[in-house]
Structures are given as C-alpha cells and as structure tokens.
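Working notes, beginning with the structure itself.
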Amino acid sequence: MLTISCPWCGPRAEAEFSFGGEPAIRPVPAAAVSDAQWADYLYLRTNPKGRSTELWCHACGCGQWFRMDRSTVTHEIFATSRLSA
Amino acid sequence: MHYSGLQLLKQGLFGNTRWAQAWRSPQPQKTYDAIVIGGGAHGLAAAYYLSTVHKVKRIAVLERGWIGGGNTGRNTTIVRSNYFFAESAAMYDLSLRLYEGLTQELNYNIMLSQRGVLNLAHTEHDMELMTRSVNAMQLNGIDVDLLTARDVQREVPLLNFAPDARFPIHGGFVQRRGGVARHDAVAWAYARGASARGVDIIQNCEVLGFRRDGARIIGVDTSAGPIAAGAVGMSVAGHSGVLAAMAGFRLPITSYALQAMVSEPLKPILDTVVMSTGTGMYVSQSDKGELVFGAGLDLYPSYAQRGNLPTEQTIVAGMLEMFPSFRRLKLLRQWAGIVDVCWDYSPIIGPTPAPGLFMNCGWGTGGFKASPVGGWLLAHSMATGRHHDLSAPFDLGRFSSGRLVDEAAGAGIAH
C-alpha cells in the first residue's frame, strides 16, 4: 500500500485515491479541430516508462484533483501539488 | 529432432543427455528481410508464419530478455473466442483454431486442454445481457451455450450457492472449446519451429532505436549493434509506447500491471475455467494442482512487474466470495505482467505512422489467447505491406474515424 500525500489532506492510503490520466489541453474551437487532432487529444497517450506527471483525484477523501510526479517503474512519488501551484 | 514417444524412450536410455537444442542461439546478421521485435509468443508466432506462410527468407526475432519471459510467461493461460462483435469473433476464433492444430503442426505438446470456459451471471440483468451476448456469439459462429443456475451448479458444485451469497448465481454461459494451454510451451514450440526453418532468435538483444532513410524505417539499433531490415514488426505488449516513442509517434495505449497468482497445489477439484464479471476474477486448476487465478487491473499505469497489495486483496476476496471452500489455502506465488490496454479493449494491428514499421499491440489483458492470430496477422502485414481482411478493422485509424470495436464486456475482466 502506497502512502500518497494529498496537497489538501496530507498523507493518506493509496486506496483513497484514483488515477485520472495524463494532463492534456482540449483543443478549441471545436469547429476548427480536425478528426486527427481530436483523436490525438482524446485517445493518444505518451504512456511514459519512468518519470511521469499525472492527474490524480482524492476520490474517497476531499474529492480534489491534484498533480503527481512519480515513477511508473519504481512507483516512487516525487511530489504532489495543487493544480493552481 | 522429431519429438515422439519412441524418441522419449530412446533418450531415456541415454539418461536424457542427448536431446538436441530446441532452438539455435546465433549471432545477429547485418541484414534481414524481416525483423520482429519481441520474443514472446506473438513475436515468435509472427516469425514462424513469416517463414511458413509468406516464404520470407531471412528473419530475426530480437528479444531484450529471454523468450517467453514477459507476458507469455505471466498470464493465466486461458484460451477462448467468446467475443461480442463479428470482427473480434472471426479473429479470436482463428486463433483458437490455430491453437487446436498447434501441437501437431509444431510437433511440440502445448498441452491444450479444452476443458471449457464458464462465465457466471450474478443478477437477472446480467442474465439478460448474457443472453444477448450468447445470441451474438452464436450468430458469429462461436459455439457457446447458455446455462441455468442449476446447470452451473451441476458443472461447478464448489461455487457459492448459499442463499446469502454476496454474488448469487443466476446462470452463465460456457464455451466448450475454450480452456487452457501451457503458456511457456507455446513460446518454445514457435521458437523451435521457427529456428528449424532458419529464423534467428536473438536473446539478450535490446532495441535502442530505429534506423531511418527519410521517414522510412530501415532497421534497428540494438545492444548488439545496428541491424538493417526490409520490414520491422513490433510485438512488445506493455512496452509498445516505449518503442512508439523511439519511432516518433504515440499510441492510444496505457500500460498497467495485471496480477496473477497461484495457490498451493491441491488434488483435482476444478475441471473447467470459471470467470465472473461480478468479482472480475477467473480461476482454473493447473495440471500441477495449483489454482491459477487473477482479476482486474491495478488502478494506475505501471511498468513494475509485480502489482500492488490493495488489488491483490480484491482479487483474493473475489475468489473467496465465489469459492468459500478455498479459504484455507495458502498463496504460493504472486506476480504481474505489464499489459497494453487500448480504449476499446481491442488490439491494434497493421502499419504504423512510421513507414516500414508494423505493429501488433493493444491486446491488453487478453493477449495469450490471441498469440497465434497476432503472429499470423503481423506476419501478413509485414510480408505484404497490407492488412489481412481480419486485421483491417483493428487498424490504428479507427481512433480518428471513430469505428471502435468496443469489447469492454468481451474482454471479461474489470477495467
């Protein structure tokens, strides 16, 4: 069981959190977005091996979304931060 | 060397000291007509079919570790073709048919045991949806039977039929041709068959990058030096994103750990494969007597081949709900493989955005059953440069056209 530090609540058990994906910015305006650009945003992922920046949610806690820098190989968590930071 | 009962007797007389090597371990050549990256069952099958079906001459399989050491050696060995959509059914059923002939074709016992794969329904709604799925499968020509609760109880009396069961059993369906096969033997059989036909299987050879002529991929840089190739195929499951990054594109794939585990060995008690979408778990009993089981994915992306404790507890709890009599058993081993999960739980096969490079990936949690067909279809696209009819629906282009083949239910596993 990993201990994950929520930027609002502090250290909590892994089971309280849910992984929310790689950060991506939605292309706009919709009318000007090609199928390929939309597919890129919607489906394609970097899926990095090693250091990764991800969105997580403290789903069974405060419900806030936050950023996590971690390793997908060792599961070491380098930092968690608020999205406004 | 031909394997047979007589050969076994003969070698036994020599104290088993004169068995020939099953496959050669040559040094890599400078150039090949076709290179397959990844020495799992899929990659070795691709090399074998490139040689047998497409008559390609100079073929190499490059494997970073040892053959069959990735997901081929880490799955729960289940084979079946009970998928919903016609495109999937045609593909997975070819795979099962190839499995049915593999032991004879490759003169290597893959220990295919068609003991049936039984899926459970836990609510009336499950049962209605299952009836719809079974109808679709039958229309697709897949031989499955719907079972009542009484049928299920007759087939698997060990299941929890108590009135207060958390997951009451309303019925199920079974594919009798489904079952299990010896996973290592599948890799070894293809390796032996390919090697005998001149395919170079090069282990401990990691691909570090691609060699290009303009946009076109013309070879690979490896830990054993550069190797040129007419066509390059990648069959690396969870590491597909890593190779795609080397080739300069991204894939609609996320890598997760999928756990499996075995109990201590028991006398024969479970003679079929049982799957439940309610608990997400699947279990069978190996020939050694161990219960082999697993369930859903770990909950975040990972390249660590071990899996985490909360998911392991969920898997074990799911199995004990279904089989209370297994409560006293000890776990013998637990491990995980890194699976390449695609958004629609269907594979991606065929050309990549990099000309000269072909892929066979995205099988996610269900790649073992598809080893023969994955190899068959990758070989076809590498040899001809075009899709096989069966792989066309599984082109990467489906993600921009929107024609997904959503097998979230057919995958039969919690995601």
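Given the structure is predicted, the values throughout are model-derived calculations rather than measurements. Chain A is the first sequence line, chain B the second, and so forth, proteins listed ahead of strands; every chain is numbered from 1.
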- Query: Under a 4.5 Å heavy-atom cutoff, which of A/Thr72, A/Asn47, A/Asp35, A/Thr74 has the most pairs with chain B?
  - Reply: A/Asn47

- When rounded to the nearest 0.5 Å, the distance separating OH of A/Tyr43 from CZ of B/Phe399 is 7.0 Å

- Message: Checking B/Leu299 against A/Glu14 for the side chain to side chain contact (heavy atoms under 4.5 Å, CB included) test, could you report, in this order, the C-alpha distance in whole Å, the side-chain angles of both residues, the deciding distance, and whether it holds?
- Response: CA-CA 10 Å; B/Leu299 297 174; A/Glu14 166 188 350; over 6 Å; no

- So which pairs with a foot in residues 9-42 of chain A pass ring-ring contact (aromatic ring centres under 6.0 Å, His included), sequence neighbours left out? A/Phe17-A/His58, A/Phe17-A/Phe66, A/Phe19-A/Trp56, A/Trp38-A/Tyr41

- Task: Return yes when atom CZ of B/Arg166 has more than 12 non-hydrogen atoms of other residues, nucleotides or ligands closer than 6.0 Å, and no otherwise.
- Result: no

- Please state whether the side chain, the backbone, both or neither of B/Leu396 comes within less than 4.5 Å of a heavy atom of chain A. neither

- Task: Taking all heavy atoms of A/His75 and all of B/Ser302, pick out the closest pair and write down the distance.
- Result: NE2-OG, 2.7 Å

- Task: Heavy atoms only: give me the nearest A/Val73-B/Arg306 pair and the separation to one decimal.
- Result: O-NH2, 4.0 Å

- Examine whether an atom of A/Gln37 lies under 4.5 Å from a heavy atom of chain B, and if so say whether it belongs to the side chain, the backbone or both; otherwise answer neither. neither

- Side-chain donor-acceptor contact under 3.5 Å, B/Tyr300 with A/Glu54: no

- Quick one: are A/Arg45 and B/Ile253 in side-chain contact, heavy atoms under 4.5 Å? no

- Message: Suppose a student defines contact as a heavy atom less than 4.5 Å from any heavy atom of chain A. Which residues in residues 308-321 of chain B would they list?
- Response: B/Asn308, B/Leu309, B/Pro310

- Max heavy-atom pairs within cutoff under 4.5 Å with chain A, candidates B/Val242, B/Leu251, B/Asp340, goes to B/Leu251

- Query: Does CH2 in A/Trp65 sit with more than 12 non-hydrogen atoms of other residues, nucleotides or ligands closer than 6.0 Å?
  - Reply: yes

